[in-house]
Amino acid sequence: MLLKKILCTLGICSSMFLAACNDSDSGKTNSNSTAQKSLQPIIIQGALPVESEQMASKLSNSTVETFGGWTFWKGTYQGYPVIISKTRMGMSNSAAATAIAIERYKPIAIINQGTSGGHDPDLNVYDIVLGRYTTNIGAFRTPKKAVGEGSNSLEWTEAFDVLPTDESDPEPIAIRKFEADKDLLLAAQRAKTNYSKGRVVEGTIGSADVWNNELDRIAFFHKNYGTSVEEMEAASVAQIASQYKVPFLGVRILSNNITNGGAYDPGTGEACQHYVLDVVVEYMKAKQAALK
């Protein structure tokens with residue numbers, strides 16, 4: 001009986017010791033988990049399924065919400081709160097999806113990413129452009145021409161600022177460029193060490209509800225706006241994010257580049273999504289560290 005009591009006592013002590021160890025480890029895990037949960041979610045946008053669904057499939061504990069025609073996948077990636085937003089194509093769709101996301105989810109930041117066409121002959125398919133600047137290349141004041149005088153888009157040299165500082169100005173002629181958030185840009189630079197399919201460079205993303213195939217027009221934008229690539233969403237997202245004061249970064253992979261014969265490759269959409277998830281981890285890791 002005495003031996004049995006001793007063994008039972010030792011068993012109890014061992015159990016208490018193991019429980020204490022487990023509580024200690026759990027405390028560390030819970031501490032990290034709490035820090036991660038205290039972060040607001042980061043929004044990653046893609047216009048089409050080929051630009052969003054790969055990321056959505058990587059989320060843990062995901063749920064789907066739909067508002068109007070816009071889809072949002074909520075979940076976590078490597079423990080961090082992430083929302084994937086399928087904005088659909090175009091400036092209006094992406095602006096609406098952004099406003100909904102900001103109002104609904106109160107994000108810590110927004111990354112708008114996806115495929116694009118090249119404007120810079122030095123860039124190749126699978127190269128990635130980090131939008132140090134993002135600009136609208138579809139807003140102009142055209143020159144006055146009489147009936148029969150025709151139209152020439154190369155003469156459309158006056159950019160129209162759709163977000164002027166002075167809203168009383170009836171003709172705000174200026175190229176508006178939205179600058180990337182510095183912390184997001186730093187995270188994107190850190191993440192590029194994991195990307196091996198092409199180069200990662202900083203540049204200017206041009207956006208409009210236009211698909212340009214005229215090489216002279218593309219050269220005009222590259223020269224006068226400094227555009228590296230063109231697509232149909234980022235500038236409208238940047239415009240909405242700037243008004244809500246939400247940190248923003250545009251990221252675009254070249255899916256084709258007609259300025260140097262780079263043919264379209266559908267694999268670029270998935271490659272960009274993988275890269276952007278690495279950017280998210282770098283950014284959220286830095287934000288979590290700042291909370292400690």
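Just so you know, residue 1 is the first one in the sequence shown, and it goes up from there. Values in this document were obtained by computation on a predicted structure and should not be read as measured data.
- In this structure, Gln243 contributes its side chain and Gln239 its backbone to a donor-acceptor pair below 3.5 Å.
- With respect to Glu270 and Lys197, no salt bridge is recorded, no charged nitrogen being found less than 4.0 Å from a carboxylate O.
- If you take CG on Asn112 and CZ on Phe248, they are separated by 5.0 Å, rounding to the nearest 0.5 Å.
- With rounding to the nearest 0.5 angstrom, the CD1 atom of Ile84 is 8.0 Å from the CD atom of Gln113.
- A donor-acceptor pair is defined here as one N or O able to donate and one able to accept, closer than 3.5 Å; such a pair exists between the side chain of Asn260 and the backbone of Leu123.
- In terms of hydrophobic clustering, with Ile, Leu, Val, Met, Phe, Trp and Tyr side chains grouped at heavy-atom distances under 4.5 Å, Tyr244 and Trp70 are assigned to a common cluster.
- In this model, no donor atom of one side chain and acceptor atom of the other lie less than 3.5 Å apart for Thr115 and Glu231.
- The minimum heavy-atom distance between Leu249 and Gly131, with the atom names listed, is CD1-O, 4.0 Å.
- Once rounded to the nearest 0.5 Å, the distance linking OH of Tyr195 with NE2 of His274 reads 10.5 Å.
- Looking at every heavy atom in both residues, Ala97 comes nearest to Phe72 through O-CZ, 3.8 Å.
- Within 6.0 Å of the CD atom in Glu214, the count of heavy atoms belonging to other residues, nucleotides or ligands does not exceed 12.
- Side-chain contact between Pro107 and Ile83: absent, with no pair of heavy atoms (C-beta onward) separated by less than 4.5 Å.
- Here Ile137 contributes atom CD1 and Arg217 contributes atom CZ; the two are 8.0 Å apart, rounded to the nearest 0.5 Å.
- Under the side chain to side chain donor-acceptor pair (under 3.5 Å) criterion, Arg190 pairs with Glu282, sequence neighbours left out.
- Contact annotation: the side chain of Val251 never approaches that of Val129 to less than 4.5 Å [non-hydrogen atoms, C-beta and beyond].
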Show me the side-chain donor-acceptor pairs of residues 53-67 shorter than 3.5 Å, one per line, residues at least two apart or across chains.
from  : atom 1 : to     : atom 2 : distance (Å)
Ser57 : OG     : Gln54  : O      : 2.7
Glu65 : OE1    : Tyr105 : OH     : 2.6

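- With sequence neighbours left out, the side-chain contact (heavy atoms from CB on, under 4.5 Å) criterion links Asn224 to Phe220.
- Ile175 and Phe178 fall into different hydrophobic clusters, where Ile, Leu, Val, Met, Phe, Trp and Tyr residues are linked whenever their side-chain heavy atoms come under 4.5 Å apart, directly or through other members.
- When side chains are defined from C-beta on, Cys272 does not count as touching Glu51, because their heavy atoms never get closer than 4.5 Å.
- When the side chains of ILVMFWY residues are joined at heavy-atom separations under 4.5 Å, either directly or via intervening members, Val229 and Leu185 end up in two distinct hydrophobic clusters.
- Screening residues 81-101 for side-chain hydrogen bond (donor to acceptor under 3.5 Å, both in side chains) gives Gln45-Thr98, Ser94-Ser236 as the qualifying pairs, with residues at least two apart or on separate chains.
- Thr259 meets the side chain to side chain donor-acceptor pair (under 3.5 Å) test with Asn257; sequence neighbours excluded.
- Of the possible polar contacts, none joining the Ser255 side chain to the Asp265 backbone as a donor-acceptor pair under 3.5 Å is found.
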Contacts table for residues 143-153: side-chain donor-acceptor under 3.5 angstrom, sequence neighbours left out:
from   : atom 1 : to     : atom 2 : distance (Å)
Lys145 : NZ     : Glu155 : OE1    : 3.1
Glu149 : OE1    : Ala146 : N      : 2.7
Asn152 : OD1    : Leu154 : N      : 3.0

Run the numbers on Ile205 and Ser116 for side chain to side chain contact (heavy atoms under 4.5 Å, CB included), then give the verdict. CA-CA 9 Å; Ile205 298 171; Ser116 63; over 6 Å; no
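- The cluster map of Ile, Leu, Val, Met, Phe, Trp and Tyr, joined by side-chain heavy atoms under 4.5 Å apart, puts Ile110 and Val276 in different clusters.
- Closest non-hydrogen pair, Asp209 versus Gly90, comes out as OD1-CA, 3.3 Å.
- Residues passing the side chain to side chain donor-acceptor pair (under 3.5 Å) test with Glu230, sequence neighbours excluded: His119, Asn212.
- Remark: Glu202 pairs with Arg132 by the salt bridge (Lys or Arg N to Asp or Glu O under 4.0 Å) rule, at least two apart or across chains.
- The backbone N or O of Ala235 sits nowhere less than 3.5 Å from a side-chain atom of Thr134 that would complete a donor-acceptor pair.
- Within the model, atoms CG of Leu277 and CD1 of Ile42 stand 10.0 Å from one another, a figure rounded to the nearest 0.5 Å.
- Contacts of Tyr126 classified as ring pair (Phe, Tyr, Trp, His ring centres under 6.0 Å), with partners at least two apart in sequence or in another chain: none.
- Within the structure, the side-chain hydrogen bond (donor to acceptor under 3.5 Å, both in side chains) test picks out the following pairs touching residues 169-179 (sequence neighbours left out): Arg141-Glu171, Asp161-Arg176.
- By the ring pair (Phe, Tyr, Trp, His ring centres under 6.0 Å) test, Phe221 pairs with Tyr225, sequence neighbours left out.
- With Thr76 contributing its side chain and Pro81 its backbone, the two residues share no donor-acceptor pair below 3.5 Å.
- Under the rule for a side chain to side chain donor-acceptor pair (under 3.5 Å), Tyr275 has no partner lying at least two apart in sequence or in another chain.
- Of the listed residues (Arg199, Lys192, Arg252), just one forms a salt bridge (charged side-chain N to carboxylate O under 4.0 Å, His left out) with Asp127, and that residue is Arg199.
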Leu254/Thr268 under side chain to side chain contact (heavy atoms under 4.5 Å, CB included): CA gap, chis, key distance, verdict: CA-CA 7 Å; Leu254 275 77; Thr268 51; over 6 Å; no
Worked check of side chain to side chain contact (heavy atoms under 4.5 Å, CB included) between Met284 and Val82: CA-CA 10 Å; Met284 297 297 264; Val82 174; 5.7 Å; no
For the pair Ile111 and Tyr283, evaluate side chain to side chain contact (heavy atoms under 4.5 Å, CB included) and give the outcome as yes or no after the intermediate values. CA-CA 11 Å; Ile111 298 176; Tyr283 180 76; over 6 Å; no
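- Ile43 and Ile102 fall within a single hydrophobic cluster, where Ile, Leu, Val, Met, Phe, Trp and Tyr side chains are chained together by heavy-atom contacts under 4.5 Å.
- A heavy-atom distance below 4.5 Å is found between the side chains of Ile128 and Val200.
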